[in-house]
Q: 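Structure in structure tokens, see below.
What you see below is based on every heavy atom in this structure, not just the backbone, and it leaves out hydrogens, waters and symmetry mates.
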Amino acid sequence: MDIKHEGVSKKKMTRRVIYLMIAVAIAALAGWRVSQLKPAAPTVEMATVWPDTVKRGPLVRDVRGPGTLVPEDILWIQAAFDSQVSKIHTQSGDEVGPETVLLVLTNPQIYGPRECVKPKVRGPLSSWAVGSSQG
């Protein structure tokens with residue numbers, strides 16, 4: 001003969017609901033903690049890393065890459081007098097310092113026209129060069 005136990009099924013159902021609520025709460029808490037984690041550091045092959053000790057000193061970064069450097073600011077320098085560029089000492093890409101001469105400017109009005117000066121100088125020099133080559 002079976003004995004009827006009253007309230008047992010209700011207790012089982014209550015216990016199952018409590019266990020289910022605890023499991024859902026733990027899953028929600030775990031999901032929230034995982035969402036708060038920072039991304040993991042990327043993995044690197046050991047062949048590309050140079051392990052060494054930390055040293056004090058200058059940090060030199062020599063970076064090479066394709067492309068063209070474009071100046072942010074352009075500074076136009078005006079000469080104090082009218083002049084012509086007679087010689088360019090530096091080219092694009094050369095390293096310059098504060099005392100580096102970039103180019104030489106001449107003023108034909110101050111030094112006289114070159115066309116008048118050249119024949120006077122070249123005349124005696126050219127006849128000397130011709131005479132010395134014959135002798």
Q: To the closest 0.5 Å, what do you measure between CE (Met13) and CG (Leu20)?
A: 10.5 Å

Q: Show the atom names and distances, to 0.1 Å, of all donor-acceptor pairs under 3.5 Å that link a side chain in residues 89-100 to residues at least two apart or in another chain.
A:
unit_1 : atom_1 : unit_2 : atom_2 : d
Asp94  : OD2    : Gln91  : N      : 2.8
Thr100 : OG1    : Gly97  : N      : 2.8
Thr100 : OG1    : Gly97  : O      : 3.4

Q: Might you point out which heavy atoms bring Thr106 and Ser86 nearest each other, and give the distance in Å?
A: CG2-OG, 3.4 Å

Q: Please walk me through it: do Val85 and Leu105 pass side-chain contact (heavy atoms from CB on, under 4.5 Å)?
A: CA-CA 5 Å; Val85 176; Leu105 301 175; 3.7 Å; yes

Q: Transitively linked via ILVMFWY side-chain contacts under 4.5 Å: Leu29 with Leu37?
A: no

Q: For a 4.5 angstrom cut-off between non-hydrogen side-chain atoms, does Val17 reach Arg15?
A: no

Q: Residues two or more places apart in sequence or in another chain: which of them pass salt bridge (Lys or Arg N to Asp or Glu O under 4.0 Å) with Asp52?
A: Lys55

Q: Spell out, as yes or no, whether a donor-acceptor pair under 3.5 Å connects the side chain of Asn107 to the backbone of Ser83.
A: no

